[in-house]
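Here is the structure we will look at, set down as structure tokens.
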Amino acid sequence: MIDLRQLAERKEEIARNIINRGLTIDLDAILSLQTSRSSLLGEVELLRKNRNENARKMKGRMDNDQRTVLIEEGKVLKEKISETEELLKKTESEYFNLAKLIPNYAHPAVPVGKEDTDNLEIKRWGTPHPFNFTAKDHVQLGEDLDLIDFETATRVSGPKFYYLKNDAVLLELALERYALDILRSHGFTLTITPDIARQEVVEGIGFNPRGEESNIYTIEGTDTCLVGTAEITLGGYHAGQILKEDDLPILMSGLSHCFRREAGGAGQYSKGLYRVHQFSKVEMFVYCRPEQSEQLHEKLLTIEEEIFRGLGIPYRIVDTCTGDLGAPAYRKFDIEAWMPGRGSSGEYGEVTSTSNCTDYQARRLNVRYRKEDGTNEFVHLINGTAIAISRALVAVMENYQRADGSIVVPEALVPYMGITRIEKKHR
RNA sequence: GGAGAGAUGUCCGAGAGGUCGAAGGAGACGGAUUCGAAAUCCGUUGUGCUACUUUGUGGUACCGGGGGUUCGAAUCCCCCUCUCUCCGCCA
């Protein structure tokens with residue numbers, strides 16, 4: 001949520017941002033609700049003041065007639081208070097329900113655009129090497145080498161699930177260890193988070209747990225959800241707290257499963273592991289002071305690069321456009337790795353994403369820090385993918401395939417895998 | 001799963017219908033004392049919203065959360081959550 005006290009004064013800016021992001025939000029309706037709320041609040045407070053004064057008059061001894069008069073007055077006030085409070089409550093919930101739809105401000109450098117094709121490429125690293133044979137996609141490789149079983153998973157769990165088998169299991173664990181070791185070297189606190197979170201935390205991060213478009217699973221009969229990312233549980237970690245300035249920035253990483261419904265997410269680009277209902281991910285999460293957030297956002301991006309360079313996978317970085325940002329993000333960089341099996345002759349596909357959400361999430365999660373002058377201020381929250389296993393598997397398998405159908409293990413992973421090559425098992 | 005106890009400010013802890021934003025202590029901070037320190041003494045020490053004569057002052061709300069009773073609730077009643085102890089079960 002943005003700071004609603006700035007709603008009136010920054011109205012033009014907010015309206016432009018809403019248009020840039022391709023949203024439709026009735027700002028005037030929200031402003032008028034803000035006015036009604038404010039006047040109702042004033043009314044309620046005045047009535048409560050009168051009630052308190054009335055009650056205070058009755059503290060001592062007094063004759064019965066006088067007391068009866070005061071009690072009658074008090075009864076009238078009581079009635080009025082509950083009426084006005086009810087009205088206030090209604091207005092307030094309408095106000096907040098609309099206001100929380102307002103997206104975060106966008107960094108001035110963010111390219112204006114509608115969809116991912118409008119994202120601005122800002123960097124390329126590595127060169128995709130053409131194969132002197134016909135490259136397979138990861139689905140084919142997974143089948144040929146008995147590494148991924150979609151069919152059985154569909155029977156057992158449903159579409160968009162999969163079993164990882166044999167060396168793919170080791171590959172997943174190797175990628176996790178590899179990423180965690182890099183994060184540890186950068187001073188991150190490593191965690192494995194719960195895979196379930198309360199709805200209020202999910203909402204605080206900016207996900208919508210209910211409704212048609214919701215991308216996350218809610219658990220029936222509870223107020224909890226399966227997490228779509230450890231960003232949720234890491235953001236909830238300090239929710240409601242006032243942090244010490246000296247402790248900032250707090251760098252955390254979380255390994256969790258990620259569950260996504262991806263309603264309507266079919267199509268040629270979501271085949272195989274690219275878009276699935278469950279995957280594992282190591283996430284980075286940062287709590288910091290406002291003036292640190294841009295620099296730390298860059299740092300997360302650099303770490304993501306370090307991870308993919310270490311794997312030797314060509315990638316490019318895009319500065320995500322306004323329409324593709326997502327409501328909480330002030331700025332977002334995606335790394336797109338080269339995937340030889342994607343499209344007709346290879347394409348870049350998103351493998352990481354890092355967002356500076358400034359104080360947008362912190363305001364709803366109520367995470368503040370105490371400044372030197374004694375005042376409290378909302379922290380800035382930044383998140384970034386260290387490694388999303390399913391998509392990393394796509395990139396590794398497709399880039400490291402050889403003419404004989406085997407997959408070479410990237411050098412950086414060999415110590416974690418204990419083998420140098422994934423080959424077809426002869427039984 | 002069964003039985004019981006509890007939840008108050010940074011922490012410990014009092015509080016039993018009006019004098020309670022809340023005693024007392026600890027801690028922290030500021031000052032006095034000291035060559036300096038300890039000890040001692042004095043003072044300050046929560047958060048949100050809100051108004052204004054905007055760095056202050058006032059109003060209002062907050063004693064785990066929600067509802068109720070009452071002119072008036074930290075205090076009485078109901079529901080929920082969480083924590084602790086004992087028993088059972090289990091990885």
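Just so it is clear: chains get the letters A, B, ... in the order the sequence lines come, proteins before strands, and each one is counted from 1. The structure presented is a predicted model; accordingly, all values stated were derived computationally and were not measured.
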Which of these passes salt bridge (charged side-chain N to carboxylate O under 4.0 Å, His left out) with K371(A): E291(A), E245(A), E377(A)? E377(A)
So if I take every side-chain heavy atom of [X] and compare against [options], which nucleotide ends up nearest?
X: E45(A); options: U47(B), U60(B), C71(B); answer: U60(B)
X: M58(A); options: G18(B), U60(B), U50(B); answer: G18(B)
X: R5(A); options: A61(B), C49(B), C71(B); answer: C49(B)
X: K75(A); options: C71(B), A61(B), U50(B); answer: C71(B)

Starting at [atom1] of [X] and ending at [atom2] of [N], how long is that distance when rounded to a whole Å?
X: E200(A); N: G64(B); atom1: CD; atom2: P; value: 18 Å
X: K89(A); N: G66(B); atom1: NZ; atom2: P; value: 10 Å
X: Q241(A); N: U10(B); atom1: CD; atom2: C1'; value: 13 Å
X: E86(A); N: G67(B); atom1: CD; atom2: C1'; value: 13 Å
X: N52(A); N: G72(B); atom1: CG; atom2: C1'; value: 8 Å
X: E53(A); N: U60(B); atom1: CD; atom2: C1'; value: 12 Å
X: E72(A); N: C71(B); atom1: CD; atom2: C1'; value: 9 Å
X: N50(A); N: A61(B); atom1: CG; atom2: P; value: 12 Å

Using a 4.0 Å heavy-atom cut-off, does [X] contact any base of the nucleic acid, only the sugar-phosphate backbone, or nothing at all?
X: K49(A); value: sugar-phosphate
X: R198(A); value: nothing
X: R51(A); value: sugar-phosphate
X: L70(A); value: nothing

Looking at residues at least two apart in the chain, or sitting in another chain, which of them share a side chain to side chain contact (heavy atoms under 4.5 Å, CB included) with V414(A)? V409(A), T420(A)
Please report the distance separating the [atom1] of [N] from the corresponding atom of [M], rounded so that it comes out in whole Å.
N: G59(B); M: G2(B); atom1: P; answer: 50 Å
N: A23(B); M: G43(B); atom1: P; answer: 14 Å
N: C82(B); M: C29(B); atom1: C1'; answer: 34 Å
N: A28(B); M: C80(B); atom1: C1'; answer: 36 Å
N: C77(B); M: G24(B); atom1: C1'; answer: 31 Å
N: A73(B); M: U8(B); atom1: C1'; answer: 14 Å
N: A16(B); M: A7(B); atom1: P; answer: 14 Å
N: G21(B); M: U60(B); atom1: P; answer: 10 Å

Within 6.0 Å of [atom1] in [X], more than 12 heavy atoms from elsewhere:
X: Q295(A); atom1: CD; result: no
X: E151(A); atom1: CD; result: no
X: K80(A); atom1: NZ; result: no

Strictly by Watson-Crick or wobble contacts shorter than 3.5 Å, is anything paired with [N], and which nucleotide is it?
N: A28(B); answer: U44(B)
N: C82(B); answer: G6(B)
N: U33(B); answer: none
N: U70(B); answer: none

Taking the nucleotide of RNA chain B with the nearest heavy atom to each, does E73(A) or N376(A) sit closer to the 5' end? N376(A)
Nearest-nucleotide check on RNA chain B, T375(A) vs A55(A); residue mapping nearer the 5' end is A55(A)
Answer yes or no: does a side-chain N or O of K78(A) lie under 4.0 Å from OP1 or OP2 of G72(B)? yes
If the cut-off is 4.0 Å, is R370(A) near the phosphate of U47(B), judged by side-chain N/O to OP1 or OP2? yes
Between K136(A) and D144(A), does any side-chain N to carboxylate O distance fall below 4.0 Å? yes
Plane angle bin for F259(A) and H257(A) - parallel if under 30°, tilted between 30 and 60°, otherwise perpendicular: tilted
